[in-house]
Amino acid sequence: MKVRDRLNNSLPRTPVSSPTNTPFAYHAGELYCEGVPAATIAEAVGTPVYVYSQSDVVSRARSYLDTAAEAVGPAALICYAVKANANPTILQLLREAGTGADVTSGGELFLALYAGIDPHKIIFSGVGKKPAEIAEALIAGIRAIHVESEMELLAVAEEAERLDIIAPVGVRVNPNISAETHPYISTGLHGHKFGVPRERAVAMLRSAASHPYLRPVGLASHIGSQITDLDPFGQAVRFLVKLADEMKNEGIALDYIDAGGGLGIDYDGPAPNAADWIRAIAPIVSAGGYGLVVEPGRSIVGRSGALLTQVVYTKEQGEKRFVITDAGMTDLIRPTLYQAYHPILPVTVNDRPTEIVDIVGPICESSDFLAQNRALPPVERGDLLAVLHAGAYGYAMSSNYNGRLRPAEVMVAGDSFRVIRERQTYEALL
Ligand code: LLP
């Protein structure tokens with residue numbers, strides 16, 4: 001299906017009704033996050049601003065923790081994928097709830113440790129870890145470094161020997177499983193840069209087992225992101241368990257299977273919830289006698305956050321009606337980069353008939369849009385809009401392009417809210 005068709009097909013039928021499965025809801029015609037009107041936050045902090053619901057973040061993390069504990073007991077570890085949203089307050093809330101972290105750089109490792117996450121609950125993933133980052137992870141004593149190539153395994157061995165620390169390693173396997181999602185966020189096929197094919201994983205585990213400074217502890221895969229079908233996850237996990245069993249027969253006993261992250265959310269269609277996902281994969285893993293690790297990002301924080309933005313101008317041009325907002329691709333790049341659909345609601349209900357508009361930002365690119373061909377009630381200069389389901393890969397992917405300042409971030413808890421990251425000031429541009 002063409003992108004344009006997809007966007008048109010997914011037009012919200014009732015754009016001003018309360019959306020479901022989000023902490024943002026209308027009360028008396030005004031959009032609230034928990035007990036706080038969105039307009040109050042915009043007035044106090046300015047726009048654009050990311051607003052998160054504390055209870056939503058915590059309850060989604062708890063759902064993972066509780067279901068995994070039920071399904072596999074203490075051998076379960078939920079490693080929140082820090083890349084989805086690395087705000088220190090969010091990391092602290094997740095640490096208090098009991099999650100660990102999946103990190104992908106020295107910077108994310110620093111943030112996870114800063115938030116107080118137990119190093120034994122931290123996994124380090126990614127294809128290009130530099131020796132200095134590997135050393136930081138070894139010194140911190142993290143649960144495992146997941147290696148994605150023979151060269152990287154060698155680099156880990158070198159750093160481990162230099163530091164005289166035995167390195168726990170997992171191998172990320174590329175299971176060659178296709179999951180339906182946007183091609184930029186699909187990762188489980190042999191043509192992708194991620195992981196290694198089966199035979200090479202076996203060779204790497206054998207060489208780790210025979211190295212005095214390496215200890216093989218796990219097998220991992222991550223087949224992609226925003227996946228809403230549970231089947232490919234089941235296939236990947238069965239593949240990993242079979243491989244781990246074969247290694248066991250050779251005398252290489254692994255502690256855990258890491259099923260990666262990737263569970264999608266309901267941006268514009270149904271998605272399974274965390275419990276469904278865990279219940280689909282956990283029995284396969286525990287039947288093999290392994291611990292279960294998962295690395296969810298989006299499915300914990302995606303729905304917890306919205307981007308509030310103000311209409312700067314409107315204009316008509318050619319066949320189009322443009323709503324120009326003070327947020328754009330520098331604040332939320334997902335629509336531009338993946339043609340992603342985010343529900344967008346007026347902060348104050350307006351029940352005039354909808355019109356079809358492009359909601360665009362102030363950046364000098366035609367690709368700078370939050371939505372195209374979207375049904376929206378008429379809005380005017382100064383009105384506020386809320387871009388929902390923006391808690392994951394929103395602020396995390398923001399940039400200073402066009403001299404734009406990264407937005408503020410606010411956490412709502414019940415009837416109160418606090419700024420958890422100040423809006424950048426011009427000095428940040430120097
Ligand atoms: N583990 C690994 C090794 C990953 O690479 C990722 C995401 C995750 C876990 C978490 O996946 P999640 O549960 O959030 O789907 N910027 C894109 C998403 C890129 C995901 C990259 N890796 C987006 O906005 O859709």
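When reading the values below, keep in mind they use all heavy atoms of this one structure, side chains included, and skip hydrogens, waters and symmetry mates. All ligand and atom numbering here is 1-based and tracks the order in the structure. Quick note: residue numbers are just sequence positions, from 1. This one's a predicted model, so the numbers in the text were calculated from it and none came from an experiment.
- With 3.5 Å as the limit, one finds a donor-acceptor pair spanning the side chains of Gln424 and Asn400.
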Please tabulate, for the side chains in residues 91-98, all donor-acceptor contacts under 3.5 angstrom to protein atoms that are two or more places apart in sequence or on a different chain.
{"from": "Arg95", "atom 1": "NE", "to": "Ala115", "atom 2": "O", "distance (Å)": "2.8"}
{"from": "Arg95", "atom 1": "NH2", "to": "Ala115", "atom 2": "O", "distance (Å)": "3.3"}

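- Ligand 1 is never approached by Ser299 to a heavy-atom distance shorter than 4.0 Å.
- At the shortest separation from atom 19 (C) of ligand 1 among protein heavy atoms lies Ile185 CG2, 3.7 Å.
- Within the listing of ligand 1, atoms 12 (P), 13 (O), 14 (O), 18 (C), 23 (C), 25 (O) sit less than 4.0 angstrom from a heavy atom of Arg298.
- The part of Asp102 lying near ligand 1 is the side chain, judged by heavy-atom distances below 4.0 Å.
- Between Arg334 and ligand 1, at least one N/O pair is under 3.5 Å apart.
- Of the inter-residue distances, the one linking Leu77 atom CG with His120 atom NE2 reads 8.5 Å to the nearest 0.5 angstrom.
- The shortest N or O to N or O distance between Tyr393 and ligand 1 is under 3.5 Å.
- In Arg198, the CZ atom is crowded: over 12 heavy atoms of neighbouring residues, nucleotides or ligands sit closer than 6.0 Å.
- Each of the following atoms of ligand 1 lies closer than 4.0 Å to a heavy atom of Met397: 16 (N).
- Side chains of Tyr267 and Arg298: a donor on one and an acceptor on the other come within 3.5 Å.
- Atom numbering of ligand 1 starts at 1 in the shown order; those under 4.0 Å from a heavy atom of Arg172 are 3 (C).
- Atom 15 (O) of ligand 1 has Ser225 OG, 2.4 Å as its closest protein atom, hydrogens excluded (heavy atom only).
- Listed by number with element, the atoms of ligand 1 under 4.0 Å from a non-hydrogen atom of Gly297 are 12 (P), 13 (O), 14 (O).
- If you check the side chains of Thr22 and Arg303, you find no donor sitting under 3.5 Å from an acceptor.
- When only interatomic distances are considered, the shortest N/O to N/O separation between Gly262 and ligand 1 falls below 3.5 Å.
- There is no side-chain donor-acceptor pair under 3.5 Å between Asn273 and Tyr64.
- Here is the list of ligand 1 atoms found below 4.0 Å of a heavy atom in Glu295: 1 (N), 2 (C), 3 (C), 8 (C), 9 (C), 10 (C), 13 (O).
- With hydrogens left out, the protein atom closest to atom 16 (N) of ligand 1 is Tyr338 OH, 2.7 Å, a heavy atom.
- With ligand atoms numbered from 1 in the order given, ligand 1 contributes 13 (O) to contacts under 4.0 Å with heavy atoms of Pro296.
- Residue Met204 holds its CE atom at 6.0 Å from OG of Ser149, rounded to the nearest 0.5 Å.
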Atom pairs and distances, donor-acceptor, side-chain atoms in residues 277-289, under 3.5 Å, two or more places apart:
{"from": "Ser286", "atom 1": "OG", "to": "Ala282", "atom 2": "O", "distance (Å)": "3.0"}

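- Considering only non-hydrogen protein atoms, atom 8 (C) of ligand 1 sits nearest to His222 CE1, 3.4 Å.
- The shortest N or O to N or O distance between Ala81 and ligand 1 is not under 3.5 Å.
- Comparing Glu148, Lys83, His146 against atom 21 (C) of ligand 1, the shortest heavy-atom distance belongs to Lys83.
- Asp102 and Ser125 form a side-chain donor-acceptor contact under 3.5 Å, judged by distance and modelled atom types alone.
- Of the N and O atoms on the side chains of Thr181 and Gln226, not one donor lies less than 3.5 Å from an acceptor on the other residue.
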